[in-house]
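Encoded as structure tokens, the structure appears first; notes follow it.
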Amino acid sequence: MKGILLDAEYIDEKAEMKLWLKSDDRVFSISDKDVFCSFFVEGEDLDKLVKVIEKIEIKENGRIVRPKSVRKVEMKKLGRRLEVIEVIPELPKDVQTLRRQIRDLPGVKQIYNYDIPVAKYYLISKNLVPMDGVEEAETKSLRRVQMPIPKLRALSFDIEVYNPTGSPRPERDPIMMVGLAGDDGFRKIITWRNFPTKLDFVEIVGSEREMIERFVEIVKESDVDVLFGYNTDFFDFPYLKERAKLLKVKLSFGRDGSEVVARRRKFATATRVRGRIHIDVFAIIDFLATIGTIKLIHYTLEDVYRYLLGKEKPDFEFTKFVDAWEKGGEEWEKLLMYNLSDAVATLELGQELLPLFLELSKIIGQTPFDVVRMTPGQIVEWLLIAEGYRKGELIPARPVAETYEERMEETYAGAYVMEPIKGLHENLVVFDFRSLYPSIIVTHNIDPSTINCDCCQEDGEKVPDLPYYICKRKRGFLPEVVEKILNARFETKKKLKELKRDSYEYKQLNAKQWALKIIANSFYGMLGYPKARWYSKECAESITSFGRHYIKKTIKMAEEFGLKVVYSDTDSLHCLLGNKTKEDALKFLDEVNSKLPGIIELELEGFYPRAIYVTKKRYAMIDEDGRITVKGLEFVRRDWAAIAKYTQEEVLKALLKDGSKEKAARIINEIVERIRKGDVKLEDLIIYTQLKMPIENYKSVGPHVVAAKRLREAGREVEPGMIIAYVQTRGRGSISERAYPVELLGDRSYDPEYYINHQVLPAVMRIMEVLGYSERELTSKTVEKPKGLDFFLA
DNA sequence: AAATGACGGGG
DNA sequence: GTGTACGTCATTT
């Protein structure tokens, strides 16, 4: 029996591993009772310690916990040989029990490898790798075999929920519909509302309960490997779970008929579907935003779909759901279309991005389910854990709270960030030094064990501007791993050159080289992250020090070449092309790369017709396809009026698409005028803020709390979780005192000055200020007036 | 100036 | 990850 390993899970009750494999014609599971685990003890007088540990017996739940095996072994601690005690427990759950007992024994210095979840330790110790082959031998033992990543069958889903209070309450508000889209072209909406519709993909059932049952049935029948959703960890699955519980339906989406398993993780709940891979595409998007691959104002499905795939999908305001559900008609039809378009967009995005994560999964040896939910630092850490295990390295524990807090206190000089030449610029080229940090790690042998080593006090390599030297005699564990990753990427890119761009193989190899690049680039972040196992402030600050050295050198070279540098941050140069051509820019690239040492390499990030720089870390650019990316300016959120969001977007478009600050100024001017004249739709002025707790619990009474109080006084039911929709009105008192819920607005008029000064202007002034505009000019009439009149208008 | 509370993705 | 993000902003106190 042989297949690709899709998922691996430890089943606690049975104390066994369940592996899901996909062969050419089926998907099947294998259970493995042989779950290995171990941990290591560093200490003094090991022989004596071995004898003490051997005798440990702890009564726990009517059973005696004792080690199965205790022996001295030789391991490595950051490459240095070290004799330690290996403890192998009888059962995985005994690891913590034994470790707590051993921790306090006299002579014990450190314990290693004890805080690695069972399923992960299993894969690492057995050298079984997700997205690679697993073969079951005659003896029932499992081993890794090389197999290519197959095409996985995928289905995406999206639920729409009734939301009369703004935010839906799972205990009360039903799911209206479930939209589905399969990679085989399958399209369906299941709903239990019997409105007439011309859409042929709508299947009407009798109740919400039947709808969920049908959804489960379709997933089972379709027999998909991958289940996509957008923000499903945070919203759809937790909501479905509550509704299903209430309606007494089982969410048996599992390939073995099992119910979904929810696990708390970060701020959302990761939902595992046995035998399939549940991918929350938003988690992927969030990851790509974190590493800077995409920079957008908002990460809504609509925006991401447009940005990454260049396609449009219909939108549907969350405030209109109730009407559509209650009245049907045209709005209902629109809601159906919206629902399906969400499922389709999610599917397409998932298909586009999944290959990258499958490659990441294969490289670091953890399941795709886990990998899509990891931070870049965790990805590197798991790679190091696997590599370390193979090399007999002791795996350091995650830091305890105290250590973490100590590390948080430590600061060091970071990257070089140039103060931008502020304003609107045209015709730019951006170079990216992405592999700068990993290259530095390899080129300069940066590792916790090589900095200020015992052997090179005299002749170690000096770190610029720091009292550190680096070992020249011994290669560090980290540089070794990074080099392996960089070499693999180099080889992959070489193979890539021989392939046709749209071939399946090309896409897969391209995903692989991208995955390797992401991993390489994440080492530095990991070293500076206080919760990391291999945290090292000395390494992190040595890397940034070398980095500053190289980037400054490159800026100098650009200026000498005739490319004006307008901005630079860490590893990127934003230059004006000026009278240079794109070919010149490429020539410059070659010139720089020929002079840089070792594997350090500058890359072309792209050409940008326009960009606007506000301050360090705050800028917006438009690429040649008209896509706008924004960094550090994205602060207009739900609790801002639509008019502010709209103005910010229009201003950025006017500046970047049309290159006209006059147009941008005119837009602001017109909107300010319209606000003053009262020529604004009420819905553009509504501010939506969630009431997070009972009104009485608020220590600080903000506008939405006052508005909620007014609602309650008017006899409306007010409860935590509700979205309060309010308008700022004219009158006396603080901002809060003038907040009125939309429902009770009556003939009160909105406060134009609040909307101008607290909404529209803050959203655009940071940008407009650098273009030389003052608030005064933007809020006074554009039409020429006699000077004296301005006084009255201002 | 410090404390408090909300935002994100989803609906 | 038996670890419930996290960094930023507006408004109140």
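In the text below, chain A, chain B and the rest are named by the order of the sequence lines, each starting its count at 1. Side chains included, hydrogens not; waters and symmetry mates left out as well; all remaining heavy atoms used.
When heavy atoms are screened at a 4.0 angstrom cut-off, A/Tyr698 is found touching the sugar-phosphate backbone but no base atom. Heavy atoms of A/Tyr230 sit under 4.0 angstrom from primed sugar atoms or phosphate atoms, though from no base atom. Within 4.0 Å (heavy atoms only), A/Arg618 reaches sugar-phosphate atoms of the nucleic acid but no base atom. Residue contacts for A/Asp342: at a heavy-atom cut-off of 4.0 Å it reaches the sugar-phosphate backbone alone, with no base atom in range. Backbone-only contact: A/Thr300 has heavy atoms under 4.0 Å from sugar-phosphate atoms and none from a base. Residue-level contact check: A/Tyr299 touches the backbone only, with heavy atoms under 4.0 Å from sugar-phosphate atoms and none from bases. Backbone-only contact: A/Ile159 has heavy atoms under 4.0 Å from sugar-phosphate atoms and none from a base. Looking at heavy-atom distances under 4.0 Å, A/Tyr754 makes contact with sugar-phosphate atoms alone, never a base.
The CG atom of A/Asp684 sits 10.0 Å away from atom NZ of A/Lys645, with the distance rounded to the nearest 0.5 Å. Here the CD atom belonging to A/Glu331 is positioned 6.0 Å from the NZ atom belonging to A/Lys320, to the nearest 0.5 angstrom. Note that CZ of A/Arg730 is 15.5 Å distant from OH of A/Tyr754, once rounded to the nearest 0.5 Å. Remark: A/Thr191 OG1 to A/Met177 CE distance equals 5.0 Å, nearest 0.5 Å.
Ring pair A/Phe215/A/Phe253: centre-to-centre distance below 6.0 Å. Between A/Phe287 and A/Phe357, the ring center distance clears the sub-6.0 Å criterion.
Residue whose closest nucleotide on DNA chain B sits further toward the 5' end, between A/Leu691 and A/Thr165: A/Leu691.
Between A/His758 and C/dT11 there is a side-chain polar atom (N or O) within less than 4.0 angstrom of OP1 or OP2. For the OP1/OP2 pair of C/dT11 and a distance below 4.0 Å, the side-chain nitrogens and oxygens of A/Ser736 include no atom meeting the criterion.
A/Leu761 has its CG atom 17 Å from the C1' atom of C/dC9, to the nearest Å. A/Glu737 places its CD atom 13 Å from the C1' atom of C/dT11, with the value rounded to the nearest Å. Across the protein-nucleic acid pair, A/Arg637 atom CZ and C/dA10 atom C1' stand 8 Å apart, rounded to whole Å. Regarding A/Leu384, its CG atom lies at a distance of 16 Å from the C1' atom of C/dG1, rounded to whole Å. Taking atom CG of residue A/Asn757 and atom C1' of nucleotide C/dA10, one finds them 14 Å apart after rounding to whole Å. Here the P atom of nucleotide C/dC9 and the CD1 atom of A/Ile687 are 18 Å apart, to the nearest Å. Here C/dG1 presents its C1' atom at 13 Å from CZ of A/Phe369, a figure rounded to the nearest Å.
When the P atom is used for both C/dG3 and B/dG9, the distance is 28 Å, rounded to whole Å. To the nearest whole angstrom, the two C1' atoms, one in C/dT4 and one in B/dG8, are 16 Å apart. The gap from the C1' atom of C/dG7 to that of C/dT2 amounts to 26 Å, rounded to the nearest Å.
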- Start with the C-alpha gap between A/Tyr122 and A/Tyr10, add the side-chain angles, then the distance that decides, and say whether ring-ring contact (aromatic ring centres under 6.0 Å, His included) holds. CA-CA 9 Å; A/Tyr122 173 90; A/Tyr10 178 63; 8.8 Å; no
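A/Trp325 and A/Tyr162 have tilted rings, their planes meeting at an angle from 30° to 60° on a 0 to 90° scale. Aromatic ring pairs are classed by plane angle as parallel below 30°, tilted from 30° to 60° and perpendicular above 60°; the pair A/His278 and A/Phe369 is tilted.
In this structure, A/Glu649 has no salt bridge (charged side-chain N to carboxylate O under 4.0 Å, His left out) partners at least two apart in sequence or on a different chain.
The span of DNA chain B lying next to chain A, judged by atoms under 4.0 Å from heavy atoms, is bounded 5' to 3' by B/dT4 to B/dG11.
The cationic atom of A/Lys531 (NZ for Lys, CZ for Arg) lies less than 6.0 Å from the six-membered ring centre of A/Tyr404 and within 45° of the ring axis.
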Identify the pairs formed between an N or O of the protein and an N or O of nucleotides 2-5 of chain C at a distance under 3.5 Å, and give each distance.
from  : atom 1 : to       : atom 2 : distance (Å)
C/dG3 : N7     : A/Arg398 : NH2    : 2.7

